[in-house]
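Have a look at the structure below, then the notes.
The shown structure was predicted, so the numbers you read here are calculated from the model rather than taken from an experiment.
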Amino acid sequence: MRSPMSTLQHKPLNHLHQHLPFHTPKFHSRPITTAPPPPPLPPPTDPSSFASLILNSTNPHALTQTLHSPTLQWTPQLVDQIIKRLWNHALKALHFFNILSRHPTYTHSLSSFDHAVDLAARLRDYKTVWTLVHRMKSLRLGPAPKTFAIIAERYVSAGKADRAVKIFLSMHEHGCRQSLNSFNTILDLLCKEKKVEKAYNLFKVFRGKFKADVVTYNVIANGWCLIKRTNKALEILKEMVERGIDPNLTTYNIILKGYFRAGQIEEAWRFFLEMKKRKCEIDVVTYTTVVHGFGVVGEINRARNVFDEMVKEGVLPSVVTYNALIQVLCKKDNVENAILVFEEMVRKGYVPNSITYNLVIRGLCHAGEMERAIGYMNRMKDDECEPNVQTYNVVIRYFCDAGEIEKGLELFEKMSSGDCLPNLDTYNILISAMFVRKKPDDLLVAGKLLIEMVDRGFMPRRFTFNRVLNGLLLTGNQGFAKEILRLQSRCGRLTRQFKL
DNA sequence: CTAGGGTTAG
């Protein structure tokens with residue numbers, strides 16, 4: 001699992017699955033996913049059929065033959081769509097990428113390479129990451145600045161911020177020019193991962209060399225706001241003025257949001273009034289920030305007043321503005337009022353997006369209205385947004401909380417077989433649910449889920465392992481517990497090996 | 001993926 005690309009060049013990735021008991025259901029009474037039928041021929045043409053074909057394939061040679069079939073016309077768009085569908089099954093996705101890498105005539109695009117790099121980096125398989133980068137270079141496709149942003153982001157989120165900085169500082173040696181943009185990007189990545197001190201130090205060292213601009217300063221100010229240090233953000237504001245860089249509306253919106261985030265509600269309100277007084281041409285982002293900011297602290301009336309004011313001032317709300325209002329109504333007011341706003345936005349011709357739907361669905365679930373929540377879930381298709389993994393996670397969670405674990409599992413099986421693969425959260429939600437009924441069979445399912453999640457490239461927390469292990473031992477499943485223990489030590493070896 | 005507003009957890 002560590003190095004799918006480098007070690008399995010001539011071997012099927014699938015052999016990794018063979019020593020897992022996933023396809024041999026001896027430890028559980030009911031299978032979590034149904035056994036797939038043999039892949040149909042001729043080959044499919046749409047992304048979701050390809051995805052199922054790849055997911056269900058147990059014979060890598062046959063799969064390669066199918067995907068190399070001369071009747072197939074591969075395009076970068078199709079390849080990217082298939083990778084996206086396999087995103088939550090990283091090994092399968094990389095396997096697919098790998099098969100097409102050996103295609104006699106087709107050559108991967110830059111964006112497919114970037115996706116593959118992202119997947120390998122998520123698996124913390126850095127060896128594969130750099131193999132891919134070198135392959136991109138020899139094909140003269142890249143690496144592009146975006147490639148480095150992806151790599152740096154994964155290093156930062158794996159707790160290797162210093163390594164990310166090093167990579168940025170040496171990216172020109174990998175054939176990718178440094179620029180002010182890439183400088184701003186690395187600073188932003190560090191800030192978004194809350195490594196603001198580190199970002200600020202890097203900023204101080206290199207702001208001269210890269211000629212820091214208003215974006216650079218905004219990134220740093222936003223970083224301080226993200227960790228609720230509004231005063232530091234104000235210092236940045238002062239500093240940029242001193243250095244002759246004019247703050248723009250984005251700067252002020254960042255500070256405004258920073259006040260709300262830090263719970264400085266009245267400071268936020270005064271700042272907002274000041275922005276209006278100074279004629280700063282406040283925009284839909286400003287208003288959305290204030291509506292949301294008031295709402296999350298329960299000031300629903302003030303939130304609604306600002307919403308009405310923006311319409312009066314001729315600033316059109318966006319779907320995001322509606323989402324902000326709907327969210328706070330669900331949380332601090334009443335789902336029914338949120339639904340009124342939802343129906344109102346639809347009447348006005350706005351098209352709700354998946355976030356809008358997920359907010360309403362969550363609100364309904366929270367109010368115990370599971371049936372109505374499912375109704376909105378089915379309605380998503382009408383607005384060209386299928387239920388996504390977040391949608392499923394919300395509904396599964398609430399079914400389980402309500403003790404309807406079978407219904408949660410049913411939805412899970414639907415996603416596993418369909419075109420919305422479960423992610424880390426899905427597995428965590430379901431595994432936790434397997435402990436509420438105190439049924440021994442549930443623990444077998446929990447163990448199977450644990451194996452499946454590792455199989456799909458997700459790393460369970462130590463807590464999850466221990467919980468499942470204890471449960472299995474207490475219910476007399478020593479054999480299965482042993483197997484889980486072996487799995488854990490395999491995972492442990494992997495993480496330790498990767499701590500450089 | 002050069003910056004600002006909207007899903008998410010006890």
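Put simply, CE on A:Met275 is 12 Å from C1' on B:dG5, counting in whole angstrom units. Between the C1' atom of B:dG5 and the CD1 atom of A:Ile255 lies a distance of 15 Å, rounded to the nearest Å. Between the CZ atom of A:Phe463 and the C1' atom of B:dA9 there is a distance of 13 Å, rounded to whole Å. Between A:Leu190 atom CG and B:dT2 atom P there is a gap of 15 Å when expressed in whole angstrom units. Rounding to whole angstrom units, CD1 of residue A:Ile355 and P of B:dG6 are separated by 9 Å. The interatomic distance linking A:His366 (NE2) with B:dT8 (C1') rounds to 14 Å, in whole Å. Atom CG of A:Leu180 is separated from atom P of B:dA3 by 11 Å (rounded to the nearest Å). When rounded to the nearest whole Å, the span between CZ of A:Phe203 and C1' of B:dA3 equals 13 Å.
Here the two rings, on A:Tyr392 and A:Phe399, have centers that are 6.0 Å apart or farther.
Proximity of a side-chain donor or acceptor of A:Gln178 to a complementary backbone N or O of A:Met171 within less than 3.5 Å is not detected. Judged by distance alone, the side chain of A:Asp118 and the main-chain N or O of A:Asp114 form no donor-acceptor pair under 3.5 Å.
Out of B:dT2, B:dT8, B:dG5, the shortest distance to the side chain of A:Leu359 is found at B:dT8. Nearest to the side chain of A:Asp425, among B:dA3, B:dA9, B:dT2, sits B:dA9. Among B:dA3, B:dT2, B:dG5, the nucleotide with an atom closest to any side-chain atom of A:Asn184 is B:dT2. Checking B:dG6, B:dA9, B:dG5 against every side-chain atom of A:Arg397, the shortest atom distance belongs to B:dA9. Each of B:dG6, B:dG5, B:dT2 was ranked by its minimum atom distance to the side chain of A:Thr185; first place goes to B:dT2. Of the candidates B:dA3, B:dG5, B:dT8, B:dT8 carries the atom nearest the A:Lys331 side chain, counting heavy atoms from C-beta on.
Under 4.0 angstrom from either OP1 or OP2 of B:dT8 there lies at least one side-chain N or O belonging to A:Arg362. For the OP1/OP2 pair of B:dG5 and a distance below 4.0 Å, the side-chain nitrogens and oxygens of A:His292 include no atom meeting the criterion. Look at A:Lys257 and you'll find a side-chain N or O under 4.0 angstrom from OP1 or OP2 of B:dG6.
Exactly one residue among A:Asn428, A:Asn393, A:Asn88 makes a side-chain hydrogen bond (donor to acceptor under 3.5 Å, both in side chains) with A:Asn423. That residue is A:Asn393.
Using a 30° and 60° split on the angle between ring planes, A:Phe183 and A:Phe206 fall in the perpendicular class, above 60°. Using the six-membered ring where Trp is involved, A:Tyr217 and A:Phe203 have ring planes that are perpendicular, over 60° apart on the 30 and 60° scheme.
Atom P of B:dG5 sits at a distance of 14 Å from the matching atom of B:dC1, rounded to the whole Å.
Using a 4.0 Å heavy-atom cutoff across all strands shown, A:Asn358 reaches at least one base atom of the nucleic acid. Across all strands shown, A:Asn388 has no heavy atoms under 4.0 Å from either base or sugar-phosphate atoms. Heavy atoms of A:Leu256 sit nowhere under 4.0 angstrom from any nucleic acid atom. Contact annotation for A:Asn428: no contact, since no heavy-atom pair falls under 4.0 Å across all strands. Counting non-hydrogen atoms under 4.0 angstrom, A:Val291 reaches nothing in the nucleic acid. Note on A:Ser182: nothing from the nucleic acid sits closer than 4.0 angstrom, heavy atoms only.
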Atom pairs and distances, donor-acceptor, side-chain atoms in residues 230-239 of chain A, under 3.5 Å, two or more places apart:
unit_1	atom_1	unit_2	atom_2	d
A:Thr230	OG1	A:Gln264	OE1	2.8
A:Glu239	OE2	A:Arg207	NH1	2.5

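Judged by distance alone, with hydrogens and angles left aside, A:Ser318 brings a side-chain donor or acceptor within reach of the base of B:dG5, the pair sitting under 3.5 Å. Interface remark: the A:Asn353 side chain does form a donor-acceptor pair with the B:dG6 base, using a distance-only criterion of under 3.5 Å. Donor-acceptor pairing under 3.5 Å, judged by distance alone, is absent between the side chain of A:Asp213 and the base of B:dA3. Scanning atom types as modelled, no donor and acceptor separated by under 3.5 angstrom connect the side chain of A:Thr288 and the base of B:dG6.
In summary, A:Arg379 and A:Asp383 do not engage in a salt bridge, as defined by a charged side-chain N under 4.0 Å from a carboxylate O. A salt bridge links A:Glu344 to A:Lys348: at least one charged side-chain nitrogen sits closer than 4.0 Å to a carboxylate oxygen.
A heavy atom lying under 4.0 Å from DNA chain B marks the following residues of residues 141-153 of chain A, by number: A:Ala149, A:Glu153.
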